[in-house]
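The next block holds one structure in the form of structure tokens; read it before the comments.
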Amino acid sequence: MIPRSERDGVRRAVEALLESSSTLFITGAGVSADSGLPTYRGVGGLYDVETTSEGYAIEEILTAETLQHDPALTWKHLLEIGKACHGATFNRAHQIIAEAETCFERVLVLTQNVDGFHTEAGSKKVIDIHGDMRELVCTRCDFRECVSSDSEPRIPPPCPQCDSVVRPDIVLFGEMLPAHKSERLYNELRMGFDVVFSIGTSSLFEYIAWPIHLAKDTGKCTVEINPVETSVSSLVDIRIPLGASAALEQIWDHYRRMRA
Ligand SMILES: [Zn+2]
């Protein structure tokens, strides 16, 4: 039995969903944590330690600059992230978010995760704002390849077309967000969403917290699912202090029963 305050949060979220035709799911590392993935610190860095064995901060290694000067070093750490994802797959939270597309007119997933699990679980409208680890691109030519997380490339992997260094198509520290993704997000937010969920993210990035502020300003319903308090906790209408799968499972069960 879950505590009364959590039950109340679930009930209110379901009520909001029953009256809504559009939903935005903003997701972060907490959603993939249920798949056994470590919680990322920043973009794609799974390190809790401040410095790596080389004595650098991970923010210094996972940059385009280091990739250029010392691609083997950046790749060594990218592979560690890849290994953490090895054998992991989407979980119930990803599945429920994918199923939601069949219940509402408009559903969008804005994710910071680079594991590609939302798409694997069947979500069709996903903005993976930080990219996808499995997409490799050449740093010089137009070579692009989708790899499985099982394969282990030579470090640093050479481009089969031009022999330059290949990198994952993710946003490294200090890099700009891809313009086409920002623009798509902006257009979607301009249309607005009836309910905005923030799930398993600390909402540290401005573009992750912004949709919550926007929804708030326009009188839309905001829901946060996170066992720990975050920068948007005091702002949201409904706060459910549970893990992603546990909370979504309960919301979804209630929602489907009410809708039937
Ligand atoms: Zn190339």
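In listed order, ligands and their atoms are each counted from 1. Because the structure is a prediction, the values reported are computed rather than measured.
The shortest side-chain heavy-atom distance between V165 and C159 does not fall under the 4.5 Å cut-off. The side-chain heavy atoms of T139 and V166, taken from C-beta on, include no pair separated by under 4.5 Å. Taking the side chain as every heavy atom from C-beta outward, D128 and V114 never approach each other to under 4.5 Å.
The minimum heavy-atom distance linking K216 with D237 is given by the pair NZ-OD1, 2.7 Å. In plain terms, the two heavy atoms of I251 and I225 that are nearest each other are CD1-CD1, 4.1 Å.
Around the Zn ion (ligand 1), the protein atoms of type N, O or S found under 2.8 Å away are C138 SG, C141 SG, C159 SG, C162 SG, listed by chain and number.
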Show me the donor-acceptor pairs, under 3.5 Å and distance only, between side chains in residues 183-194 and residues at least two apart or in other chains.
residue : atom : partner : partner atom : Å
R184    : NH1  : V126    : O            : 3.2
N187    : OD1  : R190    : NH2          : 3.2
N187    : ND2  : E183    : O            : 3.4
E188    : OE1  : R106    : NH2          : 3.0
E188    : OE2  : K125    : NZ           : 3.0
D194    : OD2  : S21     : N            : 2.8
D194    : OD2  : S21     : OG           : 3.2
D194    : OD2  : S22     : N            : 3.4

